[in-house]
Amino acid sequence: MKPTTLLLALLASPLVPHSAWASDAPAATRTTGADNFYRSDRVTGERVRFKNQYQMEVVGTLYRPKGLGRDGRAPAVVVGHPMGAVKEQSSQLYAQKLAEQGFVTLAIDLSFWGESAGAPRHLVSPEIYSDDISAAVDFLSTQSFVDPERVGGLGICGSGSFVISAAKIDPRIKAIATVSMYDMGAAVRQGLNNAQSLEQRNEMIQAAAQQRLVEFKGGQRVYVPGTVNTLEPDTPDVQREFFDFYRTPRGAYAAAGERPELTTQPLFSSLVKFINFHPFNDIETLSPRPMLFISGDTAHSREFSEDAYRRAGQPKELYWVKGAGHVDLYDRADLIPFAKLTTFFQQSLAGK
């Protein structure tokens, strides 16, 4: 079986099973209150650039509450976007909403995505993704209007696992919150609800190794169909949920130079790097730093927040948003518990 055919088969069945998410709700209901491209008149935003430890340029949008002086010494939060997305999708919405409450926030593009450096594009590299978050802490810690002792991390979807990975070796991240978290390691190793067999995993690994050699020889790159570009009668329900966001005006965004049809699609030959990614191992060592896990109670991804919460040390909280699915918490401002996040970071980053 060709790599592309194999991967389509894997993603269409065990990784995103039809039963994982109820799609009975009409699209209009699922998008009520969606405000991905929100622009606040209560904060100032500016593009910033800095280097991670690999000397790769990371690009982000820095938000400050209007009226905060250069010596304001405010608490700060790094915000990471969903896996395969960019800062303009979900994370800038969260960053602005938190900045309205007095935080300095920094929404970043992970390396190989959006405006940040990294080639080939869409490469999977969880170690570098996590380092990008620590590099954002580096940047914030050098700003005169930020208190470097009061910096937190917020990860949406896949970035939830990257924020946890970063925080395990970066004690400067004083509080960790995740929303609609995906454990990208578990998702690739075993699929949702452990639906992918070891045999299927090994087939994927073999196909990725073959494809890596093709690319080494100068052959064409192959991308994982992270979000499909068209809906078919047999398109899995989870794919339809992501399509509603990434392939419609609700959330579609392509950075300069990006092919719109390739957005959200990781490089297949690098996808297997997630198999070695175990962000929840030793998660209990983050204690006593507080952790907040937010998930929709109907989200297909809820298993990852439940797993992280079960393993984490105290203090910790698992907060369910009633009636919310996975993608609902990307941009549905009527459902996202911004007040809960505000209270969590205000208390966790209060300082001494």
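Because only heavy atoms are used, hydrogens play no part in the values below, and waters and symmetry mates are left out as well, while side chains stay in.
Contact annotation: the side chain of Tyr54 approaches that of Glu127 to within less than 4.5 Å [non-hydrogen atoms, C-beta and beyond]. Between Ile275 and Arg201 there is a side-chain heavy-atom pair separated by less than 4.5 Å. Taking 4.5 Å as the limit, every side-chain heavy atom of Arg49 sits out of range of all side-chain heavy atoms of Val58. Residues Leu62 and Leu140 meet the side-chain proximity criterion, which asks for heavy atoms closer than 4.5 Å. Residues Val179 and Leu154 meet the side-chain proximity criterion, which asks for heavy atoms closer than 4.5 Å. Counting heavy atoms from C-beta on, the side chains of Val146 and Phe139 never come closer than 4.5 Å. Proximity of Glu100 to Val43: side-chain heavy atoms (C-beta onward) are separated by under 4.5 Å at one or more points. Between Gln196 and Arg189, every side-chain heavy-atom pair lies at or beyond the 4.5 Å cut-off.
Summarising the geometry, atom CZ belonging to Phe243 is positioned 12.0 Å from atom CZ belonging to Arg250; distances are rounded to the nearest 0.5 Å. Tyr330 contributes atom OH, which lies 11.0 Å from atom OG of Ser91 (distance to the nearest 0.5 angstrom). For the atom pair CG (Leu318) and CG (Asp307), the distance works out to 11.0 Å, reported to the nearest 0.5 Å. Taken from NZ in Lys66 to CZ in Arg42, the straight-line distance is 10.5 Å, to the nearest 0.5 Å. One distance of note links OH of Tyr253 with OG of Ser90; it measures 15.0 Å at 0.5 Å rounding. Leu267 contributes atom CG, which lies 6.0 Å from atom CG of Leu123 (distance to the nearest 0.5 angstrom).
At distances below 3.5 Å, not a single donor-acceptor pair connects side-chain atoms of Gln53 with backbone N or O atoms of Ala135. Formation of a donor-acceptor pair under 3.5 Å by the Thr264 side chain with backbone atoms of Thr227 is found in this model. Ser269 places no side-chain N or O within donor-acceptor distance of the main-chain N or O of Arg212, the cut-off being under 3.5 Å. Side-chain atoms of Glu258 never come within 3.5 Å of backbone atoms of Gly114 as a donor-acceptor pair (strictly under, hydrogens ignored). Panel note: side chain Asp297, backbone Gly323; a donor-acceptor pair is recorded below 3.5 Å. A donor-acceptor contact shorter than 3.5 Å is absent between the side chain of Gln265 and the backbone of Gly84. Under the 3.5 Å distance criterion, the side-chain polar atoms of Gln96 are matched with a main-chain donor or acceptor of Ser40. Judged by distance alone, the side chain of Thr343 and the main-chain N or O of Lys340 form no donor-acceptor pair under 3.5 Å. Looking at Lys174, its side chain never comes within 3.5 Å of a backbone N or O of Arg150 through a donor-acceptor pair. The main-chain N or O of Ala333 is never found under 3.5 Å from a side-chain atom of Asp35 such that the two would form a donor-acceptor pair.
Other residues, nucleotides and ligands contribute over 12 non-hydrogen atoms within 6.0 Å of the CZ atom of Arg39. Heavy atoms from other residues, nucleotides or ligands lying under 6.0 Å from CD of Glu199 number 12 at most. Within a 6.0 Å radius of CD1 in Ile169, no more than 12 heavy atoms belonging to other residues, nucleotides or ligands are found. Environment of CD in Glu261: crowded, with over 12 heavy atoms of neighbouring residues, nucleotides or ligands closer than 6.0 Å. More than 12 heavy atoms of other residues, nucleotides or ligands shown are found within 6.0 angstrom of CD on Gln55.
Scanning all heavy atoms of the two residues, the minimum distance from Ala95 to Thr105 falls at O-OG1, 2.8 Å. When all heavy atoms are compared, the tightest approach of Gly158 to Ser161 is O-OG, 2.7 Å. Of all the heavy atoms in Val272 and Ala208, the pair that sits closest is CG1-CB, 3.6 Å. The two residues Pro126 and Phe162 make their nearest non-hydrogen contact at CB-CE2, 4.4 Å. The minimum heavy-atom distance linking Asn36 with Leu93 is given by the pair O-CB, 4.0 Å. For the pair Ala252 and Phe37, the tightest heavy-atom approach, listed with the atom from each and the gap, is O-CZ, 3.5 Å.
Between the side chains of Tyr182 and His300, a donor-acceptor pair is found at a separation under 3.5 Å. Between the side chains of Gln101 and Thr342, not a single donor N or O lies within less than 3.5 Å of an accepting N or O. Inspection of the Tyr246 and Glu241 side chains reveals no N or O donor paired with an N or O acceptor under 3.5 Å. Remark: the Thr263 side chain and the Arg247 side chain contain an N/O donor-acceptor pair separated by less than 3.5 Å.
Using a 4.5 Å cut-off between side-chain heavy atoms of Ile, Leu, Val, Met, Phe, Trp and Tyr, with links allowed through other members, Val228 and Phe268 fall into different hydrophobic clusters. One hydrophobic cluster, built from ILVMFWY side chains closer than 4.5 Å, cannot hold both Val222 and Val214; they sit in different ones. Criterion: ILVMFWY side-chain heavy atoms under 4.5 Å apart, direct or through other members. Under it, Tyr223 and Ile205 are part of a common hydrophobic cluster.
Taking the six-membered ring for Trp and the full ring otherwise, the centers of Tyr94 and Tyr38 sit at least 6.0 Å from each other. Aromatic rings of Phe344 and Tyr319 (six-membered ring for Trp) have centroids beyond the 6.0 Å cut-off, not under it. Proximity of the aromatic rings of His326 and Phe245 is defined here by a centroid distance below 6.0 angstrom, and this criterion is not met.
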- Decide yes or no on side chain to side chain contact (heavy atoms under 4.5 Å, CB included) for Val137 and Val78, but give the supporting numbers first. CA-CA 7 Å; Val137 176; Val78 179; 4.1 Å; yes
- Steps toward side chain to side chain contact (heavy atoms under 4.5 Å, CB included) verdict (Phe103, Tyr63): CA-CA 8 Å; Phe103 299 93; Tyr63 293 103; over 6 Å; no
- Should Val124 and Met83 be marked as a side chain to side chain contact (heavy atoms under 4.5 Å, CB included) after you check the CA-CA gap, both sets of side-chain angles, and the distance that decides it? CA-CA 10 Å; Val124 167; Met83 176 60 202; 4.2 Å; yes
- Message: Evaluate Ile173 against Val151 for side chain to side chain contact (heavy atoms under 4.5 Å, CB included), listing each step before the verdict.
- Response: CA-CA 6 Å; Ile173 302 175; Val151 178; 5.6 Å; no
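The pair Arg302-Glu306 meets the salt-bridge criterion, with a side-chain N (NZ, NE, NH1 or NH2) lying under 4.0 Å from an Asp/Glu carboxylate O. Salt-bridge annotation for Arg240 and Asp244: absent, with no side-chain N of the basic residue lying under 4.0 Å from a carboxylate O of the acidic one.
When each of Leu110, Thr178, Asp132, Val79 is paired with Ser159, the side chain to side chain contact (heavy atoms under 4.5 Å, CB included) condition holds for Leu110 and for no other. Looking at Asp131, Val59, Asn52 one by one, the single match for side chain to side chain contact (heavy atoms under 4.5 Å, CB included) with Ser111 turns out to be Asn52.
For residues 106-124, the salt bridge (Lys or Arg N to Asp or Glu O under 4.0 Å) pairs, not counting sequence neighbours, are Arg47-Glu115, Lys87-Asp109, Lys87-Glu115.
Judged by a 6.0 Å distance limit and a 45° cone about the ring axis, Arg64 is positioned over the six-membered ring of Phe145. For the pair Lys316 and Phe293, the cation-pi test (distance below 6.0 Å, angle within 45°) is failed.
Partners of Arg172 by salt bridge (charged side-chain N to carboxylate O under 4.0 Å, His left out), not counting sequence neighbours, listed by chain and number: Asp138, Asp170.
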